[in-house]
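First the structure, in the form of structure tokens, and then the observations on it.
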Amino acid sequence: MSSERYDFGEIEKKWQKVWQENRTYEPDLDNPKGKGPFYNLMMFPYPSAEGLHVGNMYAFTGADIYGRKKRMEGYDVFEPIGLDGFGIHSENYALKIGAHPMEQAKISEARFYDQLSAIGNGFAREERLETYDPAYYRWTQWIFVQMWKHGLAYRKKQAVNWCPSCKTVLADEQVIGGKCERCGTAVEVKELEQWFFRITKYAERLLDNLEKIDWSERVKIAQKNWIGKSEGASIKFPISDFQFSDEIEVFTTRPDTLFGATFIVVSPELAKEWMEKGWQPSQTVAEYVDEALARRAEGEEKQKEKTGVATEIFAANPANKEKIPVWISDYVLAGYGTGAIMAVPAHDKRDYEFAQKFNLPVVMVVCPHYPAPTCPVLDEAYEGEGHLVGSGVFDGMKSEEAKWKIAEVVGGKRETRFRLRDWLISRQRYWGAPIPMIFCEACAAAGKGEQSEMSGWYAVPEEELPVKLPYIEKFRPEGGDESPLGSAPEFYKTKCPGCGGDARRETDVSDTFLDSAWYYIRYPSTRATRLGQAPWDPVVTKQWFPVHLYTGGAEHAVLHLLYVRFVALALHDLKLLAFGSSDAPGGEPFPKFRAHGLLIKEGAKMSKSKGNVVNPDEYIKKYGADVLRMYLMFLAPFEQGGDFRDASIQGIVRFVRRIRELGLKIPPSGITDRLVSVGGMRAGIETPTLEKRNLEKTLHKTIRAVTNDIENLHYNTAISALMVILGYLEREKDNLGAWGVFSPKGIFETFIKLLAPFAPHLAEELWHELGHEDSIHRTPWPSYEESLIAEDTFPLVVQVDGKHRATVMTPRGIVKEQAEALVRADAKVISALGVGGVKKVVYVEDRLINFVTK
RNA sequence: GCCGAGGUGGCGGAAUGGUAUACGCGCACGACUCAAAAUCGUGUGGGGAAACCCUUGAGGGUUCGACUCCCUCCCUCGGCACCA
């Protein structure tokens with residue numbers, strides 16, 4: 001090719017087409033080639049709006065670079081892509097533009113796949129999937145049925161989160177700071193009967209396994225905190241003169257503070273329960289309970305100042321038998337523990353606040369400075385460890401030691417509790433997989449059903465799956481407690497699988513996070529099972545799992561990333577899913593996960609409301625995908641994220657042009673330098689000149705840097721290394737002919753191979769210009785040799801009292817005495833040392849020498 | 001409040017305890033041009049004529065030597081938030 005302009009638009013399209021036709025990125029799923037399978041997975045996008053935004057491209061490109069290097073290293077890389085197209089996200093977009101979600105999905109789909117092609121990733125497009133495809137959600141429903149059959153799915157009435165704007169319930173994980181994860185509306189509380197998955201049964205394993213999987217630390221910590229394991233004891237406080245119970249049970253992680261428990265606090269919900277059983281409290285108490293419950297229902301945020309009310313009930317502290325009052329306050333939560341607490345104001349901040357407000361006694365029982373003559377009450381709660389005081393026979397004992405002893409003495413039961421709650425699966429929306437369950441009134445009345453505690457309920461027989469989502473006109477959520485499918489009798493009218501009588505289908509759909517909890521299992525099996533009768537091919541699954549690298553956003557730490565682990569562990573336990581060997585605990589799907597950083601725009605998070613969302617299409621059109629890819633990756637470390645600023649994209653534009661121009665100076669014919677390509681074995685025929693050795697050294701250093709940087713996801717420094725060597729080659733270009741055995745072509749080929757993961761189209765174009773017929777992306781990754789990188793001489797740093805004073809070129813491996821003698825002859829060193837004596841000389845071989853004079 | 005990540009030139013960022021500021025952007029000057037853009041070259045942390053001095057949020061410490069390790073504090077971002 002001559003020096004005409006590089007038409008990236010045309011060239012990028014050309015190669016994308018060629019790659020697809022040649023199936024360049026399709027692995028052999030049945031018989032992985034080369035070094036074996038490498039499943040390079042990235043979180044699939046949910047098509048939420050006008051198209052993918054640049055943040056998606058950032059994530060995909062970063063994952064793709066890694067996959068491309070692995071492919072060149074000889075692995076059979078599988079890098080699938082699909083669409084998480086079911087769910088509120090897509091549905092809301094359809095509602096906004098006045099389209100039907102089912103029709104809109106098809107329109108969006110084409111657009112998304114076009115965009116995904118344009119970025120030039122090595123996607124195995126033949127295995128793509130969409131969660132709203134009945135061939136897919138048939139198996140989403142099947143998973144629900146398996147959960148039901150094995151007691152991991154159940155239906156229960158309880159207080160749940162309700163988003164008044166999205167008009168549906170939400171799982172706890174989808175409530176962020178009291179607001180809906182999707183729309184930011186304050187979440188209310190409703191009592192509803194809903195479907196749940198028993199994720200709490202896996203709390204312990206989900207927590208323990210975190211120690212054994214290689215995940216980004218911040219994500220592991222987020223999961224750990226979310227699961228929230230607490231070890232403590234449940235302790236019973238006897239009460240008298242109260243007809244509805246003769247004791248109140250509390251859970252505490254600090255039984256050692258029991259002697260300091262000066263009152264009991266009961267949640268409004270528990271109080272209400274008592275009232276429903278017939279308890280008749282005073283007017284004031286009843287009013288408080290109703291107010292508090294109403295505040296919770298409205299989704300009111302945490303109160304600045306604590307509120308509460310005293311009852312006429314008294315309990316006995318089981319440790320010291322003192323009579324303590326029972327209060328009601330909404331600072332006690334109903335959903336955790338027993339709904340009642342023992343209040344130890346001296347050693348719990350919240351109890352302290354409450355005691356201050358209502359003038360309740362504060363008794364110190366853990367002394368921070370022991371022994372001390374007295375242990376006065378502090379002006380804030382002391383929550384640390386110490387020695388017991390005011391605790392009878394336990395006085396003087398370390399609090400940690402006293403913990404279980406006191407619990408034992410009062411008959412407390414040691415217990416572990418988790419803050420994790422069961423996963424609420426139901427959604428009162430249209431655009432999702434219908435929950436494949438049927439309710440029969442007659443069976444319910446007769447106490448019949450598939451599960452003993454849930455009479456009347458039956459799973460849709462597996463052979464009848466999928467329960468297809470019907471096309472209905474009235475798909476808008478109306479805000480009742482029911483999905484729009486509840487107004488579609490043609491959908492919900494059915495026959496009971498138990499008795500054959502008239503029955504009604506469940507009309508709620510399942511949470512989108514159920515769709516995305518198993519998509520990665522389906523990918524390698526999409527072709528094999530498209531016509532088949534199984535969700536995945538067990539042979540392929542064993543071969544390709546667990547996933548070798550999973551990449552995605554940290555915002556899913558306690559959403560998708562938690563659910564997906566749970567579903568995999570459950571399916572594994574049910575013997576429905578089996579992976580091949582792995583270092584990770586059995587059933588863990590992702591032994592290695594890396595969270596990419598967030599791409600922001602001029603210091604602010606990109607969001608539609610701020611109007612600062614960057615559309616990648618414009619940049620691809622203007623600069624080409626290769627430039628956009630490299631620009632995004634050069635911004636900052638991939639795991640850190642970066643700030644998208646137009647200005648600095650010019651640097652990459654120049655980089656690409658310089659590569660092109662150097663490429664044009666490379667003769668297309670001539671011997672490929674196998675010596676360099678194969679790993680730099682030097683031909684023994686001639687003694688290389690200094691220039692050649694320097695070149696070889698620089699090249700091998702670059703190979704090492706780029707190889708290691710990609711492995712660590714440090715793409716910014718990898719690109720920097722490529723820029724450095726490009727500059728070097730440009731300076732040397734006039735000596736091209738003198739490179740001898742290191743032919744210009746060979747050097748340049750190695751360079752563009754290193755470039756290939758970052759700029760796949762440009763590298764492919766240059767590769768073919770050099771006369772190759774195959775794809776550069778299927779050629780071996782360059783290797784390097786440490787011995788060639790080593791310098792003969794190096795600048796020895798000379799310090800005086802730790803301050804840099806001079807650098808002296810020194811042969812490698814020189815011993816301390818020689819180095820000292822050499823350096824002492826240097827004029828700068830002489831003047832820096834002056835007349836004072838040297839007390840000590842620190843010598844670090846091949847690095848520095850430090851004269852200490854003080 | 002708790003947990004996590006971080007604070008380095010005008011900006012994005014780079015540095016196995018060993019030459020702080022690689023690479024890029026921007027800027028300045030020069031070359032090319034009638035001119036501009038583009039391109040190429042040179043320079044570019046601060047102070048100083050220079051020798052040299054100062055500089056990685058602040059302050060202490062460990063060390064021959066600290067952006068890096070330890071302690072105290074400040075600030076920014078992210079997560080959780082009455083979980084007993």
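Each chain gets a letter, A, B and so on, in the order its sequence line appears, and its residues count up from 1.
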Please state whether the rings of [X] and [Y] are parallel, tilted or perpendicular, taking 30° and 60° as the class boundaries.
X	Y	result
A/W327	A/F358	tilted
A/Y715	A/F638	tilted
A/Y6	A/F8	tilted
A/Y331	A/F354	tilted

Please work out if [X] contacts a base, only the sugar-phosphate, or nothing of the nucleic acid, heavy-atom cut-off 4.0 Å.
X	result
A/V842	base
A/K839	nothing
A/K349	sugar-phosphate
A/V797	base
A/P795	base
A/I652	nothing
A/I221	sugar-phosphate
A/I341	base
A/D643	nothing
A/V841	nothing
A/S648	sugar-phosphate
A/R654	sugar-phosphate

Taking pairing as Watson-Crick or G-U wobble with both contacts under 3.5 Å, can you name the mate of [N], or confirm there isn't one?
N	result
B/rU42	B/rA28
B/rA51	none
B/rC80	B/rG1
B/rU68	none

So does [X] get a side-chain nitrogen or oxygen closer than 4.0 Å to the phosphate oxygens (OP1/OP2) of [N]?
X	N	value
A/R805	B/rC53	yes
A/T717	B/rC23	no
A/Q650	B/rG24	no
A/N225	B/rG79	no
A/K803	B/rC54	yes
A/R645	B/rC11	no

If you check the [X] side chain, which of [options] turns out closest?
X	options	value
A/R657	B/rC23, B/rA38, B/rA84	B/rA38
A/N716	B/rA14, B/rC80, B/rG12	B/rA14
A/N850	B/rG12, B/rC80, B/rC64	B/rC64
A/W226	B/rC23, B/rG18, B/rC80	B/rC80
A/D348	B/rU19, B/rC64, B/rA84	B/rA84
A/S230	B/rA84, B/rG12, B/rA14	B/rA84
A/L848	B/rU39, B/rC64, B/rG18	B/rG18

Rounded distance in Å between the [atom1] positions of [N] and [M]:
N	M	atom1	result
B/rA84	B/rC67	P	41 Å
B/rU8	B/rA14	P	11 Å
B/rC52	B/rG4	P	46 Å
B/rC40	B/rA50	P	31 Å
B/rC69	B/rU63	C1'	10 Å
B/rC27	B/rG45	C1'	14 Å
B/rG48	B/rG61	C1'	33 Å
B/rC54	B/rU21	C1'	15 Å

Exercise. Is the base of B/rG9 syn or anti, where syn means the angle lies within 90° of 0?
Worked result: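 B/rG9: syn.
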
d([atom1], [X]; [atom2], [N]) in whole Å:
X	N	atom1	atom2	value
A/Q640	B/rG78	CD	C1'	13 Å
A/L562	B/rC80	CG	P	13 Å
A/H714	B/rA14	NE2	P	8 Å
A/E555	B/rC80	CD	C1'	16 Å
A/F758	B/rG24	CZ	P	16 Å
A/E269	B/rC82	CD	C1'	13 Å
A/E181	B/rA81	CD	P	13 Å
A/L599	B/rG78	CG	P	15 Å

For this session: Answer whether the closest heavy-atom distance between the side chains of A/E173 and A/Y563 falls below 4.5 Å.
Result: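 Yes - at least one pair of side-chain heavy atoms lies under 4.5 Å apart.
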
For this session: Take A/D330 and A/R295 through the salt bridge (charged side-chain N to carboxylate O under 4.0 Å, His left out) test and state the conclusion after the steps.
Result: CA-CA 9 Å; A/D330 61 4; A/R295 276 201 302 270; 2.8 Å; yes

Exercise. Mapping A/A222 and A/Y336 onto RNA chain B by nearest heavy atom, which one lands closer to the 5' end?
Worked result: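 By nearest-heavy-atom nucleotide position, the 5'-most residue is A/A222.
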
Problem set entry | 5'-most by nearest nucleotide on RNA chain B - A/A721 or A/H804 |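 Mapping each residue to its closest nucleotide by heavy atoms, the 5'-most match is A/H804.
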
For this session: Answer yes if the ring centres of A/Y619 and A/F644 are under 6.0 angstrom apart, and no otherwise.
Result: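 Yes.
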
base_contact_polar ([N] base, [X] side chain, donor-acceptor, <3.5 Å):
X	N	value
A/Q799	B/rG18	yes
A/R658	B/rU39	no
A/K306	B/rC82	yes

For this session: Return yes when atom CD of A/E786 has more than 12 non-hydrogen atoms of other residues, nucleotides or ligands closer than 6.0 Å, and no otherwise.
Result: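 Buried by this count: over 12 neighbours within 6.0 Å.
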
For this session: Go through the steps for A/L796 and A/I814 under the test side chain to side chain contact (heavy atoms under 4.5 Å, CB included), then give the verdict.
Result: CA-CA 10 Å; A/L796 179 72; A/I814 190 171; 5.9 Å; no

Exercise. Cation-pi between A/R565 and A/W215: NZ/CZ under 6.0 Å from ring centre and within 45° of the ring axis?
Worked result: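 Checked: cation-pi criterion met.
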
